[in-house]
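Please read all numbers here as calculations on a predicted model, not as lab measurements. No hydrogens, no waters, no symmetry mates; every other heavy atom, side chains included, goes into these values.
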Amino acid sequence: MREIPPRHPTTREHPWITAFLRALGREDVAAVTVRGYQRDLGVFAAWYTGHPIEKLTASDLIHFRQHLSRERALKPASVNRKLEALRRFCRWAHGTGKLRSNVAAGLKIARVPRGTRPRGLLATEVQALLRAAGQSRRTLASRNYAVVQILLQAGLRVSEAAGLRIEDLQIRERQGKVHIRGKGNKERDVPLNTTARRALQAYLDDRGETGLQDPVFLADTGATLSVRSIQSLITELARRARITRIPVSAHTLRHTFALGYLRQNPGKLVELATLLGHDSLDTTAIYTLPSEEDLAADVERSCYNADA
């Protein structure tokens with residue numbers, strides 16, 4: 001197997017990668033996903049510079065995986081994200097006749113250590129975060145409160161919340177739901193409980209007249225509230241709420257939703273996976289793992305936890 005030394009990034013994108021990204025766009029893959037593939041394939045292309053991509057082999061991909069894990073010391077999740085981009089690229093290249101075979105078909109992902117479950121907010125922290133949102137300056141209070149509530153009560157990804165349009169909401173007195181287009185062409189409906197419906201309705205009432213194609217959440221400028229803006233908003237609200245036990249991001253609210261759902265509905269993994277938009281139960285099962293606090297409490301209760 002030939003050794004391929006790491007290279008510095010190149011400013012020119014390989015025409016195959018350009019064509020692949022265009023194909024993703026035609027498939028209605030989410031823009032944020034396309035940008036992620038572009039970045040990850042750019043890393044590979046820079047590393048592979050000087051070698052004809054037409055002669056790409058399975059051994060080359062293995063060397064790249066080793067480069068990411070050993071030389072760049074990336075975490076398994078970061079390695080696997082780049083490998084998934086390569087897998088999809090190679091499937092496309094083989095399907096379009098550019099590669100004679102799908103050289104990534106047998107590419108194994110990096111092993112992810114089995115750890116503890118994600119950390120969510122405590123009830124007191126949730127209340128503090130909601131208070132901080134509601135105490136925002138007058139023109140933003142209802143919006144910030146609604147953003148926090150829909151992330152907490154429906155477990156949306158931040159990109160899904162940012163992409164919502166008025167037509168995606170169905171809000172009635174006794175029931176409601178939000179339609180999620182999700183990643184790529186995957187769609188799902190998530191029920192909205194009373195708390196989420198009230199928060200959203202109050203915000204929309206403050207907005208006044210809206211069109212069906214209008215974004216649900218707006219920035220000060222009247223433009224769509226972006227993913228980055230929502231992430232910054234949650235971080236700032238957590239700072240105001242003085243939550244220091246764990247780092248708080250928009251994804252923390254999704255974790256909080258999932259953990260709360262399983263506490264109220266033990267064993268309902270299939271249902272939770274449906275709500276979260278997970279393709280695999282393996283992804284959802286991470287919420288059933290023991291927490292650090294659980295493990296510490298178990299060790300503390302050990303019958304040998306006594307001085308001689």
Side-chain angles (χ1 to χ4, degrees), residues 30 32 118 120-121 123 125-136 139-183 186-208 210 212-220 223-238 240-241 243 248-262 264 271-278 287:
V32 65
L121 297 177
E125 293 168 335
V126 167
Q127 293 304 315
L129 191 67
L130 289 170
R131 280 196 302 272
Q135 292 168 357
S136 304
T139 56
L140 297 179
S142 63
R143 186 205 67 182
N144 292 353
Y145 190 81
V147 168
V148 174
Q149 285 289 19
I150 200 168
L151 294 174
L152 276 171
Q153 308 294 343
L156 304 189
R157 300 177 178 94
V158 63
S159 59
E160 294 170 345
L164 287 178
R165 296 194 292 260
I166 297 297
E167 65 177 352
D168 297 325
L169 299 179
Q170 185 179 108
I171 302 175
R172 298 174 182 168
E173 184 178 351
R174 296 185 179 277
Q175 62 181 356
K177 63 182 179 181
V178 57
H179 182 70
I180 305 298
R181 289 172 178 79
K183 294 182 176 180
K186 298 170 185 175
E187 300 186 0
R188 71 187 191 279
D189 288 330
V190 180
L192 293 174
N193 61 21
T194 304
T195 301
R197 295 199 306 272
R198 287 176 178 167
L200 286 165
Q201 191 62 63
Y203 167 57
L204 294 177
D205 288 344
D206 285 349
R207 281 265 305 270
T210 56
L212 291 177
Q213 294 298 314
D214 290 347
V216 172
F217 297 115
L218 296 180
D220 289 345
T224 302
L225 193 65
S226 68
V227 168
R228 182 169 295 181
S229 294
I230 294 177
Q231 290 170 333
S232 298
L233 169 63
I234 299 303
T235 300
E236 173 59 18
L237 291 177
R240 291 187 213 165
I243 301 173
V248 180
S249 66
H251 211 66
T252 306
L253 306 191
R254 180 170 162 89
H255 291 327
T256 302
F257 166 81
L259 293 168
Y261 181 88
L262 283 183
Q264 295 293 321
E271 291 82 354
L272 178 58
T274 300
L275 291 170
L276 294 176
H278 287 166
Y287 294 108

Please step through side-chain contact (heavy atoms from CB on, under 4.5 Å) for the pair Tyr261 and Leu276, ending with a clear verdict.
-> CA-CA 11 Å; Tyr261 181 88; Leu276 294 176; over 6 Å; no
If you take all heavy atoms of [X] and [Y], which pair is closest and at what distance?
X	Y	result
Asn193	Gln153	ND2-OE1, 2.8 Å
Ala162	Thr224	O-CG2, 3.5 Å
Thr256	Leu121	OG1-N, 2.9 Å
Ala146	Ala199	CB-O, 3.7 Å
Ser136	Asn144	OG-ND2, 2.9 Å
Ala161	Leu151	CB-CD2, 4.0 Å

Could you pull out all residues at least two apart from His251 that satisfy ring-ring contact (aromatic ring centres under 6.0 Å, His included)?
-> His255
Residue list, ring-ring contact (aromatic ring centres under 6.0 Å, His included) with His278, at least two apart or on another chain | none
Working for side chain to side chain donor-acceptor pair (under 3.5 Å), residues Thr252 and Ser249 = CA-CA 5 Å; Thr252 306; Ser249 66; 3.3 Å; yes
Could I get the full list of salt bridge (charged side-chain N to carboxylate O under 4.0 Å, His left out) partners for Arg198, not counting sequence neighbours?
-> none
For Asp220, all residues meeting salt bridge (charged side-chain N to carboxylate O under 4.0 Å, His left out), sequence neighbours excluded | Arg137
[atom1]-[atom2] distance between [X] and [Y], expressed to the nearest 0.5 angstrom:
X	Y	atom1	atom2	answer
Gln201	Leu192	CD	CG	11.0 Å
Arg131	Tyr145	CZ	OH	10.5 Å
Leu200	Asp205	CG	CG	11.0 Å

Identified side chain to side chain contact (heavy atoms under 4.5 Å, CB included) partner of Ile243 from the options Val126, Leu237, Val248 = Val248
Sequence neighbours excluded, the answer for side-chain contact (heavy atoms from CB on, under 4.5 Å) partners of Ser142 is Tyr203, Asp206
Side chain proximity check, [X] to [Y], heavy atoms < 4.5 angstrom:
X	Y	result
Arg207	Asp214	yes
Leu129	Leu253	yes
Pro191	Leu275	yes
Ile180	Leu164	yes
Asp168	Val216	no
Arg143	Leu218	no
Phe257	Leu272	yes
Leu204	Ile166	yes

Could you check Thr194 against Arg197 for side-chain contact (heavy atoms from CB on, under 4.5 Å), going step by step and ending with a plain yes or no?
-> CA-CA 5 Å; Thr194 304; Arg197 295 199 306 272; 3.5 Å; yes
Side-chain donor or acceptor of Arg254 paired with backbone N/O of Gly155 under 3.5 Å = yes
Please lay out, stage by stage, how Leu130 and Gln149 fare under the test side-chain contact (heavy atoms from CB on, under 4.5 Å).
-> CA-CA 8 Å; Leu130 289 170; Gln149 285 289 19; 3.7 Å; yes
Inspect the surroundings of CD in Gln213 and state if more than 12 heavy atoms from other residues, nucleotides or ligands are less than 6.0 Å away.
-> yes
Check residues 169-177 and write down every donor-acceptor pair under 3.5 Å in which the side-chain atom is one partner and the other belongs to a residue at least two apart or another chain.
none

